[in-house]
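Computation of the quantities below employed the complete heavy-atom set of this structure, encompassing side-chain atoms and omitting hydrogens, waters and symmetry-equivalent molecules. Numbering starts at 1 and runs along the sequence shown. Here the structure is a predicted model, which is why all the values come from computation and not from measurement.
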Amino acid sequence: MSVTYLDNAASSWPKPPQVKEAMIEVIDDYAANPGRGGHALAMKASKALFRTRVQLARLFGIENPNNLFFYQNATQALNQAIKGFLQPGDHVVTSSIEHNSVRRPLEYLRTKLGIEITYVRPREDQFFYAEDFAQAFRKETKLLVVSHASNLTGMILPIKELGELCEHHRLTFLVDASQTAGVLPIDVADMKIDMLAFPGHKGLYGPQGTGCLFVRDEINLEPLLHGGTGSQSEAIEQPTTRPDRYESGTANTVGIAGLGAGVSFVLETGIEKIHQQEWALAKMTLEELMKIDGVKVYGPDLSIERVGLVAFNIMGADASEIAFILDQQYQIAVRAGYHCTPLGHETVGTEKRGAVRASFGVFNDENDVRRLISAIREISEAFYVG
């Protein structure tokens, strides 16, 4: 029996065939060091990186592709944005469903720089409202940083409203699009997003080891890394030109070429089509899970649209044990535990037990949902005592 892969929120799989082809082409034809020479192969490698920047700029409504910086993942991008921007005494507002890639850098700066942090919680309907963030702003507030969607419940935050709020209050707006890049429409100009961090290996269908940070022209971050950039090599200081200022070291040319092919796949398939397919599968899963005795699902009401992931538990069973059984007995791959978001689990009340998470991608279909539901029904009969 083949594996039913339902862990796309961690990393999408399978990848479109053109992603592998693009990566192999680099290895076979021009795996030189981009920006580290004027010869033909180095120039070809540099052009591969720029093509991917152009594709990403097209996807996210970014005017200047050189305002996109490549990293190994969204975590590195978020660290660059947060640590490169905040100063001693600054106040930051964020949400209570943030991934550790946001929370840990913030808490680190609380200890090292004395920044202050306010975590905004959702209301009883499990939804976030822009006015609740506005009430948390102070005169010392410099940054609002939020996830576009929760990696635990799939809840989508009102990014456009929050962007307008930040513009009105003259605050910098950083968005973690780890669960939405390639899944939901994102236009940095329309949404007033000042900095956007996202991975390449999830909804963009690129390989692992790829991620990006977009930063508006007027925002000057202190680089986290200092070193060789292939430009202004005679200078002691880090270059001022973008993207070189924020991309020290040899780039992952193979991975970035694969990411470019993944972005092309997303653009050709269509964001709206991808989202509707994934949400339809998640909604079907939620509806069927709610019919099973002993199963509890988490997140807002089904009338509120989410991204394509589902968090649940079987009462009386450990979440990790359920995931293990699904893997070993049913060949269904899900994730269980705390999903690197203890804040999110505190928010939904699962901080003591974690949760099982099934997450969908463009290559999943209703048969995958039926297999999962059938398995959960059997497992719940063994564990749940009503």
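Under the 3.5 Å distance criterion, the side-chain polar atoms of Asp29 are left unmatched by any main-chain donor or acceptor of Val26. Side chain of Tyr30 to main chain of Ala42: no donor-acceptor pair is present (N/O by atom type, distance under 3.5 Å, no hydrogens or angles). Put simply, the side chain of Asp368 gets close to the backbone of Asp365: a donor and an acceptor are under 3.5 Å apart. Listed for the Thr253 side chain is no donor-acceptor partner under 3.5 Å among the backbone atoms of Ala45. Here the side chain of Arg36 pairs a donor or acceptor atom with the backbone of Gly228 at under 3.5 angstrom. Checked by atom type and distance alone, the side chain of Ser12 pairs as donor or acceptor with a backbone atom of Lys202 at under 3.5 Å. Side-chain atoms of Thr269 do not come within 3.5 Å of backbone N or O of Val266 as any donor-acceptor pair. The backbone N or O of Asn151 lies less than 3.5 Å from a partner atom in the side chain of Arg357, making a donor-acceptor pair. The backbone N or O of Met155 sits nowhere less than 3.5 Å from a side-chain atom of Arg306 that would complete a donor-acceptor pair. Judged by distance alone, the side chain of Asp194 and the main-chain N or O of Phe173 form a donor-acceptor pair under 3.5 Å.
When Leu143, Val188, Val145 are each tested for a side-chain contact (heavy atoms from CB on, under 4.5 Å) with Met195, only one passes: Leu143. Checking Phe69, Phe60, Phe70, Phe214 one by one against Phe198, the ring-ring contact (aromatic ring centres under 6.0 Å, His included) holds for a single residue, Phe60. Residue Ile193 is tested with Leu174, Thr172, Asp187, Ile186 for a side-chain contact (heavy atoms from CB on, under 4.5 Å); the sole match is Ile186. Under the side-chain contact (heavy atoms from CB on, under 4.5 Å) rule, Tyr71 has a single partner from Leu213, Leu225, Asn252, which is Leu213.
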- Message: Thr94 vs Thr118, test: side-chain contact (heavy atoms from CB on, under 4.5 Å). Steps then yes/no.
- Response: CA-CA 6 Å; Thr94 187; Thr118 298; over 6 Å; no
- Query: Between Lys192 and Glu167, is a salt bridge (charged side-chain N to carboxylate O under 4.0 Å, His left out) present by the stated rule, with each step listed?
  - Reply: CA-CA 7 Å; Lys192 316 296 183 186; Glu167 183 180 55; 3.8 Å; yes
- salt bridge (charged side-chain N to carboxylate O under 4.0 Å, His left out) between Arg53 and Glu247, worked out: CA-CA 13 Å; Arg53 285 189 220 276; Glu247 291 185 349; 2.9 Å; yes
- Task: Step by step, work out the salt bridge (charged side-chain N to carboxylate O under 4.0 Å, His left out) result for Arg353 and Asp318.
- Result: CA-CA 7 Å; Arg353 63 184 306 165; Asp318 180 77; over 6 Å; no
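Thr4 and Arg371 share a side-chain donor-acceptor pair at under 3.5 Å. Side-chain N/O atoms of Gln276 and Glu272 include a donor and acceptor closer than 3.5 Å. Asn367 and Arg370 are linked by a side-chain donor-acceptor pair at a separation below 3.5 angstrom, with hydrogens and angles left out of the test. For the residue pair Gln72/Thr210, the side-chain donor-acceptor check at 3.5 Å is not satisfied. Side-chain contact of Asn364 with Tyr5: a donor-acceptor pair under 3.5 Å is absent, judged by distance alone. Counted by atom type alone, Glu378 and Tyr330 present one or more donor-acceptor pairs between their side chains at under 3.5 Å. A donor and an acceptor atom, one from each side chain of His345 and His339, are located under 3.5 Å apart. Using modelled atom types, one finds no donor on one side chain facing an acceptor on the other under 3.5 Å when comparing Gln55 with Thr52. Asn67 and Arg216 are not linked by any side-chain donor-acceptor pair at a separation below 3.5 angstrom, with hydrogens and angles left out of the test. Between the side chains of Gln18 and Ser264, no donor-acceptor pair is found at a separation under 3.5 Å. A side-chain donor from one of Thr250 and Asn33 sits under 3.5 Å from a side-chain acceptor of the other.
In this structure, CG in Asn73 is found 7.5 Å from OG in Ser101, a value given to the nearest 0.5 Å. Asp293 contributes atom CG, which lies 7.5 Å from atom OG of Ser380 (distance to the nearest 0.5 angstrom). Interatomic distance, NZ of Lys291 versus CD1 of Ile376, reported as 15.5 Å (0.5 Å rounding). Interatomic distance, Ser96 OG to Phe128 CZ, rounded to the nearest 0.5 Å: 4.0 Å. Atom CD1 in Ile117 sits 8.5 Å away from atom NE2 in His91 (nearest 0.5 Å). The CG atom of Asn66 sits 5.0 Å away from atom CG of Asn64, with the distance rounded to the nearest 0.5 Å.
With respect to the salt-bridge test (charged N to carboxylate O, under 4.0 angstrom), the residues Arg121 and Asp132 do not qualify. Note on Lys139 versus Glu116: no salt bridge recorded, every NZ/NE/NH1/NH2 to OD/OE distance being 4.0 Å or above. No salt bridge links Glu98 with Arg103; every basic N to acidic carboxylate O contact stays at or beyond 4.0 Å. Taking 4.0 Å as the cut-off between side-chain N and carboxylate O, Glu305 and Lys283 do not count as a salt-bridged pair.
Looking only at side-chain heavy atoms (C-beta outward), Asp7 and Ser359 come within less than 4.5 Å of each other. By the 4.5 Å heavy-atom criterion applied to side chains, Ser178 and His99 are not counted as neighbours. At a threshold of 4.5 Å between non-hydrogen side-chain atoms, the residues Met315 and Lys296 count as touching. Counting heavy atoms from C-beta on, the side chains of Phe133 and Cys166 never come closer than 4.5 Å.
Under a hydrophobic clustering in which Ile, Leu, Val, Met, Phe, Trp and Tyr are joined whenever their side-chain heavy atoms come within less than 4.5 Å, directly or via other members, Leu267 and Val19 fall into different clusters. Residue Val310 is not grouped with residue Val307 when hydrophobic side chains (ILVMFWY) are merged at heavy-atom distances under 4.5 angstrom, including chains of intermediate members. Placement of Leu56 and Ile159 within a single hydrophobic cluster is found when ILVMFWY residues are connected by side-chain heavy-atom separations under 4.5 Å, directly or transitively. Linking ILVMFWY side-chain heavy atoms closer than 4.5 Å, directly or via other members, places Val120 and Leu171 in a single hydrophobic cluster.
Between Ala317 and Ile322, the closest heavy-atom pair is CB-CD1, 3.6 Å. Gly203 and Val183 get closest at one heavy-atom pair: CA-CG2, 4.3 Å. Among all heavy-atom pairs drawn from Tyr246 and Asn220, the shortest one is OH-OD1, 3.2 Å. The heavy-atom pair separating Pro34 from Ala251 by the smallest distance is CG-CB, 4.2 Å. Shown here for Phe85 and Leu221, the closest heavy-atom pair between the two residues is CB-CD2, 3.6 Å. Of all non-hydrogen atoms in Leu259 and Gly200, the two that sit nearest each other are CD1-CA, 3.6 Å.
Classified by interplanar angle (parallel below 30°, tilted 30° to 60°, perpendicular above 60°), the ring pair Tyr205/Phe265 is perpendicular.
Other residues, nucleotides and ligands place more than 12 heavy atoms under 6.0 Å from the CZ atom of Arg110. The environment of Glu63 atom CD is sparse: at most 12 non-hydrogen atoms of other residues, nucleotides or ligands sit within 6.0 angstrom.
Geometrically, Lys83 engages Tyr108 in a cation-pi contact defined by less than 6.0 Å to the ring centre and at most 45° from the axis.
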